[in-house]
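If you're wondering where the values come from, they're calculated on a predicted model, not measured in any experiment. The analysis underlying the following values was restricted to heavy atoms, covering all of them including side chains, and did not include hydrogens, waters or symmetry mates.
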Amino acid sequence: EDLGVEQILHYAELQRAMLQECVGESIDREEWLAGLRYCAWDFYTYRFLMYIMGHTLREFKFLNRVAPTIKKIVNVL
């Protein structure tokens, strides 16, 4: 399934709204998106690149799905 811009933003907002409800505090949308952007880049820079290094030794079949998905998330956020 292709991940669309609207779907990425929907889940980002859903996560913010649910956390906001759980903690009983208001969470600024722009600050939340900035934090998600940082997390996506952190995942891409550290974790994903480690998967690629591991893939050189052993085939990680999930990379065919994860690579375009993380790229799209990073570009949208």
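Neither Tyr38 nor Val76 shares a network with the other; the hydrophobic side chains, linked directly or stepwise wherever heavy atoms of I, L, V, M, F, W or Y lie under 4.5 Å apart, form separate groups for each. Side-chain heavy atoms closer than 4.5 Å link hydrophobic residues (I, L, V, M, F, W, Y) into clusters, and following such links, even through other members, never connects Ile73 to Tyr11. Under a hydrophobic clustering in which Ile, Leu, Val, Met, Phe, Trp and Tyr are joined whenever their side-chain heavy atoms come within less than 4.5 Å, directly or via other members, Trp32 and Val23 fall into the same cluster.
Contacts of Phe62 classified as ring-ring contact (aromatic ring centres under 6.0 Å, His included), with partners at least two apart in sequence or in another chain: Tyr51, Phe60.
Between the CD atom in Glu59 and the NE2 atom in His55 there is a gap of 6.0 Å [rounded to 0.5 Å]. Interatomic distance, Glu13 CD to Gln15 CD, rounded to the nearest 0.5 Å: 10.5 Å. For the atom pair CG of Leu9 and CG of Leu36, the computed distance is 10.0 Å after rounding to the nearest 0.5 Å. Note that CD of Glu21 and CG of Leu19 are 10.0 Å apart. Values are rounded to the nearest 0.5 Å. Taking CG of Leu77 as the start and CD1 of Ile8 as the end, the distance is 6.5 Å to the nearest 0.5 Å.
Between the side chain of Lys72 and the backbone N or O of Val5 there is no donor-acceptor pair closer than 3.5 Å. Using modelled atom types, no side-chain atom of Thr45 and backbone atom of Asp42 make a donor-acceptor pair closer than 3.5 Å. A donor-acceptor pair is defined here as one N or O able to donate and one able to accept, closer than 3.5 Å; such a pair exists between the side chain of Arg16 and the backbone of Ile27. Without hydrogens or angle criteria, Gln20 side chain to Ser26 main chain gives no donor-acceptor distance under 3.5 Å.
The nearest pair of heavy atoms linking Ile70 to Ala40 is CD1-O, 4.2 Å.
Note on ring orientation: taking the six-membered ring where Trp is involved, the planes of Tyr44 and Phe48 are parallel (angle under 30°, cut-offs 30° and 60°).
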